[in-house]
Amino acid sequence: MPELPEVETVRKILSNQLTGLIFEGVDVYYEKIIHEDLNIFRSTIIGQKIHRIDRIGKYLIFILDQNALIIHLRMEGKFYINPNEPINKHEHVVFHLSHEVELRYHDTRKFGTMHLRSLDHYLNTYPLNQCGQEPFDIDKDFFFEKIKKKNVAIKSILLNQKIISGLGNIYVDETLFDAKIHPNRKGISITKYESDQLIESAKKILSEAVNLGGSTIRSYTASLGVTGLFQLKLMVHTKVNEPCQICGTTIKKIRVGGRGTYVCDTCQK
DNA sequence: AACGAAACCTGCGCGC
DNA sequence: TGCGCGCAGGTTTCGT
């Protein structure tokens, strides 16, 4: 999926285009995206206005009159507004909004999710109650207390959204490179200094990526004009067999926790 | 309790 | 050309 910077880019565009509009209809072509009873989902959102669109971690949150519509794009979820094309087989949910606006949810791999919660409870119920703090907000002592007990690769810990939210496979590689820490190091072996450095690096990498509109790699292209520029700044991710820009060592691709991982063995200890 | 692997899906690129 | 395999900005569920 898009990671925090891509979701934030999508959020800004949706917020500009959709704030104030009212849901008038919903067509669902693949029901498993909607984690609610379909009839209740439809009847609940119809008639409600979009007051605001928020983001927590990698979740988009449409704030309506009475409810929060909570959306996760997972690997390949995208939105299109008023496309000039007939519906295609990867478009699974179509929202009809006031002022003739059509919002289409496109998801090749069908992994995305939508939940509907009341405004009273949405932060305290699944899925948002599973979401850890973002690097910008997390308490460094709390983070260190969490990781120092874990006999798991630090990369896997950073990808665990219950512990810290927002990082995905691209930005975690970049964060670990920036912090000069090898992705295979166990949480147990990370010092407090290194733990603090990881948070600082994550904040730096994510905020720079947000400012550049995220990255556009592989399939995540051209939805809502999302063509981020951060891929130009990548130091290790996708750079297999290229020289490290800091030390010249050839960047390797390894596997950590089942995920493709790019690393400079000289810079990252 | 904690950790690794499989599962959920589809499409693309690569090697034979 | 065609087929099989591995892989993909993610997370949950299933075994051990």
Side-chain angles (χ1 to χ4, degrees), chain A residues 1-11 29-35 55-60 70-79 88-93 105-115 126-132 134-135 146-176 183-184 186-188 202 205-206 208-210 212-224 226-240 253-262:
Chain A
M1 122 167 167
E3 306 177 41
L4 186 153
E6 291 74 29
V7 179
E8 177 59 17
T9 303
V10 171
R11 186 200 67 77
Y29 300 98
Y30 185 76
E31 298 190 10
K32 289 170 79 172
I33 302 282
I34 315 283
H35 289 234
R55 179 192 57 70
I56 295 178
K58 304 176 189 174
Y59 287 95
L60 285 168
I70 302 160
I71 299 173
H72 199 303
L73 305 174
R74 292 291 181 94
M75 296 291 265
E76 306 199 28
K78 306 169 180 66
F79 279 107
N88 89 20
K89 65 174 176 174
H90 299 305
E91 291 168 349
H92 309 304
V93 185
Y105 179 69
H106 179 293
D107 189 345
T108 306
R109 293 173 73 183
K110 302 179 173 171
F111 286 168
T113 61
M114 298 188 190
H115 292 85
Y126 188 88
L128 291 180
N129 65 353
Q130 302 292 302
C131 218
E134 298 179 2
K146 279 281 183 188
I147 69 174
K148 77 176 190 186
K149 298 185 210 103
K150 289 203 166 284
N151 193 25
V152 183
I154 185 63
K155 171 164 178 172
S156 299
I157 297 174
L158 290 167
L159 285 173
N160 184 339
Q161 306 294 299
K162 292 189 176 85
I163 296 172
I164 185 167
S165 67
L167 293 169
N169 206 34
I170 295 176
Y171 299 113
V172 79
D173 281 0
E174 296 298 312
T175 292
L176 284 160
N184 263 332
K186 304 289 191 188
I188 279 179
I205 297 290
L206 289 179
E208 190 177 7
V210 166
L212 291 172
S215 301
T216 311
I217 295 179
R218 221 180 138 260
S219 68
Y220 206 79
T221 56
S223 78
L224 292 171
V226 175
T227 48
L229 296 175
F230 191 79
Q231 70 268 26
L232 301 173
K233 302 275 188 174
L234 295 175
M235 297 292 282
V236 284
H237 196 84
T238 73
K239 305 296 186 185
V240 63
K253 183 175 184 185
I254 60 175
R255 217 146 245 286
V256 179
R259 310 297 302 275
T261 300
Y262 301 84

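Within every chain, numbering begins at 1; the chains are lettered A, B, ... in the order of the sequence lines, protein sequences first and strands thereafter.
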With the side chain defined as heavy atoms from C-beta on, A:Lys58 is closest, among C:dT12, C:dT11, B:dG11, to C:dT11
So, A:Phe111 and C:dT11: ring centres less than 5.5 Å apart, planes less than 30° off, yes or no?
-> no
So what does A:Gly214 touch, heavy atoms closer than 4.0 Å: a base, only the sugar-phosphate, or nothing?
-> nothing
Separation between CG of A:Leu167 and OG1 of A:Thr175, rounded to the nearest 0.5 Å = 5.0 Å
Check whether any side-chain N or O of A:Glu174 sits under 3.5 Å from a backbone N or O of A:Met235 as a donor-acceptor pair, and report yes or no.
-> yes
At what distance, to the nearest 0.5 angstrom, does CG of A:Leu73 lie from CE of A:Met114?
-> 8.5 Å
For A:Phe230, report the nucleic acid contact type (base, sugar-phosphate, nothing); a contact means any heavy atom under 4.0 Å.
-> nothing
State which of C:dG9, C:dT12, C:dA8 makes the closest approach to the side chain of A:Lys162.
-> C:dT12
In which stems does DNA chain C show up, taking only runs of three or more Watson-Crick or G-U wobble pairs whose two distances fall under 3.5 Å?
-> B:2-8 with C:10-16, B:10-16 with C:2-8
Main-chain N/O of A:Gly228 paired with A:Ser215 side-chain donor or acceptor, under 3.5 Å = no
Between the main-chain N or O of A:Lys110 and the side-chain N or O of A:His92, is there a donor-acceptor pair closer than 3.5 Å?
-> no
Closest to side chain of A:Glu76, choosing from C:dA8, C:dG9, C:dT11 | C:dA8
Does anything in residues 154-173 of chain A pair up under salt bridge (charged side-chain N to carboxylate O under 4.0 Å, His left out), and if so which pairs, sequence neighbours excluded?
-> A:Lys155-A:Asp173
Closest nucleotide among C:dT12, C:dA8, C:dG10 to the A:Glu3 side chain = C:dG10
Protein-nucleotide distance (A:Leu158, atom CG; C:dG10, atom P), rounded to Å = 13 Å
A:Lys32 NZ - B:dC8 C1' separation (whole Å) | 7 Å
For A:Arg55, salt bridge (Lys or Arg N to Asp or Glu O under 4.0 Å) partners two or more places apart = A:Glu8, A:Glu134
In whole angstroms, how far is the C1' atom of C:dT12 from the CZ atom of A:Arg259?
-> 13 Å
To the nearest 0.5 angstrom, please state how far the CD1 atom of A:Ile163 sits from the SG atom of A:Cys131.
-> 12.5 Å
In whole angstrom, give the distance that lies between atom NE2 of A:His72 and atom P of C:dG10.
-> 8 Å
Give A:Asn151 one of three labels, base, sugar-phosphate or nothing, depending on what nucleic acid heavy atoms sit under 4.0 Å from its own.
-> sugar-phosphate
Nearest-Å distance for atom pair NE2/C1', residues A:His115 and C:dG10 | 14 Å
Closest nucleotide among C:dT12, C:dT11, B:dT10 to the A:Gln161 side chain | C:dT11
What's the closest nucleotide to the A:Ile170 side chain, out of C:dC7, C:dT12, C:dG9?
-> C:dG9
Mind calculating the distance between CD (A:Glu6) and P (C:dA8) to the nearest angstrom?
-> 16 Å
To the nearest angstrom, how far is A:Lys149 atom NZ from B:dA2 atom P?
-> 9 Å
Relative to its sugar, using the 90° cut-off around 0, the base of B:dG4 is anti
Whole angstrom value for the distance that separates P of C:dG9 from CZ of A:Arg55 = 20 Å
Assign the ring pair A:Tyr59 / A:His72 to parallel, tilted or perpendicular, where the plane angle (0 to 90°) is split at 30° and 60°.
-> perpendicular
Expressed in whole Å, how much space separates the P atoms belonging to B:dC9 and C:dT13?
-> 13 Å
For the side chain of A:Val152, counting heavy atoms from C-beta on, which of C:dG9, B:dG4, C:dT12 is nearest?
-> B:dG4
Is A:Lys110 near enough to B:dT10 that one of its side-chain N or O atoms lies under 4.0 angstrom from OP1 or OP2?
-> yes
Indicate, with a heavy-atom threshold strictly under 4.0 Å, whether A:Lys89 touches base, sugar-phosphate, or nothing.
-> sugar-phosphate
If you measure from the P atom in B:dA5 to the same atom in C:dG6, how many Å do you get, rounded?
-> 15 Å
Using a cut-off of less than 4.0 Å, is there contact between a side-chain N or O of A:His90 and OP1 or OP2 of B:dC9?
-> no
Sticking with atom C1', work out how far B:dC3 lies from C:dG9, rounded to a whole angstrom.
-> 24 Å
